Amino acid sequence: MPEYDVLEIEKLKRETGRYAEKLGRKPTACVVTFGCQMNARDSEKLLGILLTAGFEESADEKADLVVINTCTVRENANERLYGHLGHLNSMKREHPLKLIALCGCMMQEKDEVERIRKTYSFVDVVFGVHNLYRFPALLARRMESGRKVFEVWDKAEKIVEDLPVKRDVPYKSGVNISYGCDNFCTYCIVPYVRGRERSRRPEDILCEIRRLAEDGVIEIMLLGQNVNSYGKGLEEKVTFAELLEEVCRIPGIERVRFMTSHPKDLSPELIRVIRDNEKVCRHLHLPLQSGSSRILTQMNRHYTKESYLDLTRRIKEAVPGISLTTDIIVGFPGETEEDFEETLDVVRQVRFDSAFTFIYSPRTGTPAAKMEQVPPEVIKERFARLLDLVQKIGAEESGRDVGKTLPALVEGSDPQVPGRVTGRLSNNVMVHFPGDESLIGKIVNVQLKEVHGFYYIGEMS
Ligand code: SAH
Ligand code: SF4
Ligand code: F3S
């Protein structure tokens, strides 16, 4: 028996039916996602609810209902939302029956919700990350009453299982293993908006993955803000490494990825499980944030430059050929030229395959926002230097598998070249090779012939 309220979906179905009568056709819905994989997974649930209730999926914001799943990790994420809202407002003037709903991390911020209430009065429904499963009830109430519905909760009441889901692609899926974050890195807003860390029960996770496998999914991405601390607070003592091993045992699942790993909690046991399980993909995203031990302390990251270097060395030794990627923040308050040089030094030593580089963005309510800020022109100059180095090393590292034959999961047709498909290698690098659409969703062996920039050109063997 699903835990979410079936009656609420039935009610939404009835309201959607009335809405369809007014429109004279089946209503369309477009879900727009900002932010991380967690949000992407939540959006699949939102779309699942809407399709069950009688909406038709649309990729176009001209749709009758537009839901924006927001992110607030950096200021530019917030600016993007306001940009979209301006646009949606003019569309709504042309289509007065249009409905606009906002949800996600930014809606957990009271000031932003107030701003929307006052300045963006055309927004119909607002809800947050803790009451996502209430979406059918809230949307139905809006449709029935014609009045705006705002409902945001400060914290999670319970983990609701078994919401309907419309997966983005048929052959792979994200699966949440934990929600929220307890780490309180001093720059980060996620713990404030996503709440305390809560692990899903292992049996619920495994049951979901078994069902996905029966439904044709072959690749799983386990999702959590810090997957390595999975299990905290559960009655049954279980570590992330144990969970990962169990997931690999599920018949039909060929590949397992996970995101994100916090260096402070990455155990030797996990390194062994990666090493011993072919199904675990040869790619680890391990956010560094800064290479300066002094800044790492200020960031509350609980590791040092030396321990990070030692960890990456042990991983590379245990799993040769593994691809390491990272996140780096430039211009954290108080960052000096020497601190920044330490970051460059780690990049040179680890030789990441790629790195997401971010300019530090002060977030209201976080400790770092109150610290002394680095001048923007200094940050800009450092950012350019870091980007140069990251790209140079990435380019040097790319192509190290030329000549090898490796399995690739075919993800689609190559949009550039007809008669060619695009596959993803276990280490997350893409390869293009001759093939047709019937290969999509299958794992095939590809000989890597040459490298173009960051991807390979190959041939099926
Ligand atoms: N839980 C994950 C990722 C969270 S957000 C982790 O700990 O790695 C993704 C990335 O955004 C972070 O790794 C960090 O590099 C970046 N980020 C978070 N807050 C930021 C801020 N205030 N300014 C700039 N970058 C930030
Ligand atoms: Fe933010 Fe740190 Fe938690 Fe990642 S681990 S979500 S950076 S507080
Ligand atoms: Fe953004 Fe929320 Fe993810 S703030 S990065 S969508 S957890």
Side-chain angles (χ1 to χ4, degrees), residues 32-43 46 68-81 102-109 112 128-130 132 156 174 176-198 222-230 232 258-266 284-291 295-296 298-303 308 324-333 335 343 352 354-371 373-374 376 379 382-383 386 390:
V32 182
T33 312
F34 297 153
C36 63
Q37 312 255 7
M38 298 278 190
N39 259 21
R41 183 64 180 156
D42 284 348
S43 287
L46 296 169
I68 305 189
N69 194 2
T70 62
C71 169
T72 184
V73 75
R74 287 169 290 275
E75 190 56 34
N76 54 10
N78 296 38
E79 284 155 12
R80 252 179 99 192
L81 172 69
L102 305 180
C103 62
C105 294
M106 200 174 148
M107 299 304 115
Q108 294 298 135
E109 291 181 281
E112 300 292 355
V129 297
H130 302 306
L132 184 135
N176 298 101
I177 64 166
S178 59
Y179 300 96
C181 182
D182 283 351
N183 292 304
F184 289 95
C185 301
T186 53
Y187 50 81
C188 184
I189 199 166
V190 171
Y192 303 89
V193 293
R194 284 265 167 182
R196 297 293 54 74
E197 185 176 307
R198 303 163 310 277
L222 302 173
L223 299 172
Q225 291 300 344
N226 175 6
V227 291
N228 299 330
S229 64
Y230 171 78
K232 239 175 39 182
F258 50 87
M259 183 144 227
T260 303
S261 278
H262 194 307
K264 80 178 165 72
D265 296 313
L266 202 153
L284 187 66
H285 186 66
L286 195 62
L288 166 69
Q289 314 301 3
S290 167
I295 293 291
L296 287 169
Q298 300 278 306
M299 286 178 161
N300 195 32
R301 289 288 288 179
H302 295 278
Y303 54 87
Y308 187 93
L324 291 180
T325 58
T326 200
D327 292 346
I328 298 170
I329 299 176
V330 179
F332 180 83
E335 183 189 74
T343 300
F352 297 104
S354 67
F356 294 103
T357 50
F358 303 111
I359 286 180
Y360 167 72
S361 170
R363 307 314 291 134
T364 313
T366 62
K370 293 185 217 88
M371 300 177 189
Q373 307 294 311
V374 179
I379 299 185
R382 285 182 193 159
F383 186 81
L386 175 66
V390 160

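Below, all heavy atoms of this structure are taken into account, side chains as well, without hydrogens, waters or symmetry copies. For ligands, and for the atoms within them, numbers begin at 1 and follow the listed sequence. Note that the structure is a prediction, hence the values are computed from the model and not measured.
- Side-chain contact between Val193 and Met106 is absent, with no heavy-atom pair separated by less than 4.5 Å.
- Heavy atoms from both the backbone and the side chain of Tyr187 come within less than 4.0 Å of ligand 1.
- With Asn228 contributing its side chain and Pro263 its backbone, the two residues share no donor-acceptor pair below 3.5 Å.
- For the residue pair Thr364 / Glu109, no side-chain donor-acceptor distance below 3.5 Å is found, with atom types taken as modelled.
- Side-chain atoms of Asp327 and His285 form a donor-acceptor pair, as typed in the model, at a separation below 3.5 Å.
- Judged purely by distance below 3.5 Å, without hydrogens or angles, the side chains of Asn78 and Glu112 pair a donor atom with an acceptor atom.
- For atom 2 (Fe) of ligand 2, the neighbouring protein N/O/S atoms at less than 2.8 Å, given as residue and atom, are Cys185 SG.
- The shortest separation from a heavy atom of Thr366 to ligand 1 is not under 4.0 Å, leaving the residue out of contact.
- In this structure a side-chain-to-backbone donor-acceptor pair under 3.5 Å is missing from Arg363 to Ile189.
- With a 4.0 Å heavy-atom cut-off, ligand 1 is reached by no atom of Val190.
- The closest side-chain donor-acceptor pair between Gln289 and Tyr187 falls under 3.5 angstrom.
- The backbone and the side chain of Ser361 each have at least one atom closer than 4.0 Å to an atom of ligand 1 (non-hydrogen atoms only).
- Heavy-atom distances between Gln37 and ligand 3 stay at or above 4.0 Å for every pair.
- Residues Cys105 and Asn39 approach most closely at SG-OD1, 4.3 Å, considering heavy atoms.
- Between Asp182 and the choices Arg196, Lys264, Arg194, the salt bridge (Lys or Arg N to Asp or Glu O under 4.0 Å) rule is met once, by Arg196.
- A donor-acceptor contact shorter than 3.5 Å is absent between the side chain of Arg198 and the backbone of Ser178.
- Proximity of Arg301 to ligand 1, defined as any heavy-atom pair under 4.0 Å, is confined to the side chain (atoms from C-beta onward).
- Both the backbone and the side chain of Cys36 come within 4.0 Å of ligand 3, judged by heavy-atom distances.
- Looking from atom 7 (S) of ligand 2 to the surrounding protein, the closest heavy atom is Tyr187 OH, 3.4 Å.
- For a threshold of 3.5 Å applied to N or O pairs, the pair formed by Tyr360 and ligand 1 contains no separation below that value.
- In terms of protein heavy atoms, atom 1 (Fe) of ligand 3 is closest to Cys71 SG, 2.4 Å.
- Under a 4.0 Å heavy-atom criterion, Val193 is not in contact with ligand 3.
- Using a non-hydrogen distance threshold of 4.0 Å, Arg194 registers as a contact of ligand 3.
- Of the candidates His262, Gln225, Arg363, His285, Gln225 brings a heavy atom nearest to atom 2 (C) of ligand 1.
- The distance from ligand 3 to the heavy atoms of Gln225 drops below 4.0 Å at these ligand atoms: 7 (S).
- Counting the atoms of ligand 3 from 1 in the order shown, those under 4.0 Å from a heavy atom of Asn39 are 6 (S).
- The shortest N or O to N or O distance between Arg74 and ligand 1 is below 3.5 Å.
- Counting heavy atoms from C-beta on, the side chains of Ile295 and Thr343 never come closer than 4.5 Å.
- Ring-centre distance between Phe184 and Tyr192: below the 6.0 Å cut-off.
- Applying the 4.0 Å criterion to heavy atoms of Cys105 picks out, from ligand 3, the atoms 2 (Fe), 4 (S), 6 (S), 7 (S).
- The shortest N or O to N or O distance between Thr260 and ligand 1 is not under 3.5 Å.
- Not a single heavy atom of Asn226 sits less than 4.0 Å from an atom of ligand 1.
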